[in-house]
Amino acid sequence: MAKAPILTPRADDFPRWYQDVLNKAELAENGPVRGTMVIRPYAYALWERMVAEVDARIKAAGADNAYFPLFIPESYLQREAEHVEGFSPELAVVTHGGGKQLEEPVVVRPTSETVIGEYMAKWVQSYRDLPLLLNQWANVVRWELRPRMFLRTSEFLWQEGHTAHVSEEDARVYAERILHDVYEDFMVNVLAIPVLTGRKIPEERFAGATNTLTCEAMMGDGKALQMGTSHELGQNFARAFDIAFSDETGERALAWTTSWGVSTRMMGGLIMAHGDDAGLVVPPRLAATQVVVLVVRDEDGTVTPAAQQMVDELAAVGVRAKLDAHTATAFGRRATNWELKGVPVRIEVGPRDLAEGRVVVVRRDVGEKVPTDLSAVVATVPGLLEDQQSALLAAATARRDSLTVECSTLDEAAEAAAHGFGQIAWDKVGADGIERLGRDAVTVRCLRTPEGGLPASDDAPGTLAIVARSY
RNA sequence: CGGGACGUGGCGCAGUCUGGCAGCGCACCGGCUUUGGGAGCCGGGGGUCGAGAGUUCAAAUCUCUCCGUCCCGACCA
């Protein structure tokens with residue numbers, strides 16, 4: 001019997017599908033204040049996994065975690081002209097505290113370049129203090145006109161790295177190292193999302209940066225999502241906050257700084273990159289729960305212990321497994337719920353299976369059901385998880401590539417962006433081209449060399465532009 | 001911030017045009033029967049109809065103001 005679909009089909013209404021997934025998979029809901037978001041436990045567990053994986057890579061890149069305050073003196077923001085101009089429209093400003101009007105308003109951090117710059121200036125005296133490599137996990141606030149859960153909320157969680165270096169070259173190399181070794185590596189190998197790394201055009205640069213590098217991913221509707229950025233800040237913040245040091249020759253010099261971040265926006269990317277009409281699809285390496293062992297029914301009380309034993313054995317070989325023995329709820333509903341939540345592998349165990357010495361193993365991505373001998377399950381699951389991990393990346397890559405069109409005119413590029421990405425020679429775009437594409441809500445997502453590398457400048461010869469509609 | 005749609009138990013909606021006891025499906029609670037893809041039957045509980053003001057004997061329904069949500073455009077991770 002045909003049931004009404006649980007989720008609005010993606011092809012019918014993608015934004016509605018996204019909302020449905022958030023609700024039905026119990027990921028998040030709106031907070032009481034416009035633009036704020038409550039992250040529910042299942043989604044927060046995924047975020048914690050992202051944090052763990054990204055944090056490990058940041059530490060491997062040599063940065064140390066620290067924490068800087070939520071409140072920033074308004075005057076700090078004003079020290080860097082472009083920075084304050086860029087962020088003013090979206091600042092939350094506290095004017096009262098302790099029942100009195102404050103002498104100087106404090107802003108709730110939209111990002112922490114300014115406070116951290118102030119302290120870097122204190123901590124950096126000598127070239128021997130450099131590079132100074134800091135990171136913090138924090139919440140930030142940017143008042144949003146048009147919030148969308150996870151993608152653009154007024155308050156979001158992120159990681160912001162801030163570094164200071166002796167030379168422009170060192171800063172550039174480090175910003176690129178973060179882009180590739182931390183962000184791209186995490187997104188490709190853990191999130192199974194193929195990202196295009198590239199250089200932002202000046203209009204899309206971070207306020208106060210001299211160069212912004214980005215990871216751009218394609219979502220299920222063909223639109224682009226900026227999943228992470230790494231900025232070269234030149235000496236702009238060093239000058240504003242006097243981050244200066246004595247070099248080897250005793251000369252006083254200004255440091256070169258970088259900053260870089262990824263946020264809870266990645267949750268939105270995860271949902272929209274892999275999700276299907278049955279719900280979320282979580283790549284196994286990310287999944288907080290990789291396997292759910294589902295007791296179909298258990299009249300005589302023998303099935304649940306067998307299932308629990310399987311969970312224990314899976315845990316013993318390093319698989320994050322969970323037992324679902326809530327047999328008061330019908331089997332079909334529970335199966336559907338785990339699919340909504342995107343758990344990579346479901347193992348169904350019922351009395352019939354035990355009698356036959358096997359279980360049914362179901363893969364979330366393709367829905368394939370494989371009867372498997374009880375004795376072989378624990379040994380096959382890790383390989384199954386890895387297969388699914390690579391299948392997700394392969395599928396996402398194939399889809400992106402098939403929706404990426406090489407174009408030779410702006411009209412072709414705009415047409416390509418109606419469905420996916422357009423690739424066009426950057427020198428064919430220019431200011432007029434940006435205006436032309438903008439009429440179709442298409443923007444330049446990033447610039448790349450023909451080999452997929454990072455262009456050394458905004459106008460390097462041969463540079464290609466990736467254009468798309470974007471979130 | 002402009003254009004459009006919409007706010008009615010937790011979720012999805014009808015009722016609004018034409019004012020007259022606040023309803024339906026799902027979810028929730030209890031009982032029995034069930035359980036291999038969204039269980040069935042019986043019995044329950046839950047809503048100041050987004051907020052405020054106005055018109056009226058009477059407002060979910062008419063008028064005004066405000067707030068919020070979603071979609072489309074200008075800004076962002």
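Chain letters run A, B, ... following the sequence lines, proteins first, then strands; residues in each count from 1.
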Euclidean distance, atom [atom1] of residue [X] to atom [atom2] of [N] [Å, nearest integer]:
{"X": "A:Glu216", "N": "B:A77", "atom1": "CD", "atom2": "P", "answer": "11 Å"}
{"X": "A:Asp298", "N": "B:U34", "atom1": "CG", "atom2": "C1'", "answer": "15 Å"}
{"X": "A:Lys24", "N": "B:A27", "atom1": "NZ", "atom2": "P", "answer": "12 Å"}
{"X": "A:Leu270", "N": "B:A77", "atom1": "CG", "atom2": "C1'", "answer": "16 Å"}
{"X": "A:Arg333", "N": "B:C28", "atom1": "CZ", "atom2": "P", "answer": "7 Å"}
{"X": "A:Asn30", "N": "B:C11", "atom1": "CG", "atom2": "C1'", "answer": "14 Å"}
{"X": "A:Leu225", "N": "B:C76", "atom1": "CG", "atom2": "C1'", "answer": "12 Å"}
{"X": "A:Arg109", "N": "B:C76", "atom1": "CZ", "atom2": "P", "answer": "21 Å"}

[X] side chain, from C-beta outward: closest of [options]:
{"X": "A:Arg152", "options": "B:G36, B:G37, B:A77", "answer": "B:A77"}
{"X": "A:Arg297", "options": "B:G37, B:U35, B:C76", "answer": "B:U35"}
{"X": "A:Val296", "options": "B:G37, B:G36, B:C76", "answer": "B:G36"}
{"X": "A:Arg148", "options": "B:G36, B:C71, B:A77", "answer": "B:C71"}
{"X": "A:Ser263", "options": "B:A77, B:G68, B:C71", "answer": "B:A77"}
{"X": "A:Thr336", "options": "B:U35, B:C76, B:G37", "answer": "B:G37"}

- Message: Would you say the base of B:G36 stacks on A:Phe331 (centre-to-centre below 5.5 Å, plane angle below 30°)?
- Response: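 A stacking contact does not exist, since A:Phe331 is not both close and nearly parallel to the base ring of B:G36.
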For [N], give its Watson-Crick or G-U wobble partner with both distances under 3.5 Å, or none.
{"N": "B:G47", "value": "none"}
{"N": "B:G25", "value": "B:C11"}
{"N": "B:G36", "value": "none"}
{"N": "B:C17", "value": "none"}
{"N": "B:G2", "value": "B:C72"}
{"N": "B:C64", "value": "B:G52"}
{"N": "B:A59", "value": "none"}

Contact class for [X] vs. all strands (heavy atom < 4.0 Å): base, sugar-phosphate, or nothing?
{"X": "A:Gly350", "answer": "base"}
{"X": "A:Ala328", "answer": "nothing"}
{"X": "A:Lys369", "answer": "base"}

- A:Lys200 to A:Phe206 six-membered ring, cation-pi geometry met (6.0 Å, 45°):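 No, cation not above the ring by the 6.0 Å, 45° rule.
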- Query: Checking salt bridge (charged side-chain N to carboxylate O under 4.0 Å, His left out) for the pair A:Arg172/A:Glu232: CA distance, chi angles, key distance, verdict?
  - Reply: CA-CA 6 Å; A:Arg172 182 183 62 75; A:Glu232 289 182 67; 5.5 Å; no
- Is the base of B:G36 touched by the side chain of A:Arg352 through a donor-acceptor pair closer than 3.5 angstrom?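 By the distance-only test, yes, there is a pair.
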- Message: Taking atom types as they are modelled, would you say the side chain of A:Arg439 forms a donor-acceptor pair with the base of B:G73 within the 3.5 Å cutoff?
- Response: no
- Is the shortest side-chain N/O distance from A:Arg146 to OP1 or OP2 of B:C72 below 4.0 Å? yes
- Item | Side-chain ion pair, A:Glu339 and A:Arg346, N-O less than 4.0 Å |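 Result for this pair is yes, salt bridge flagged.
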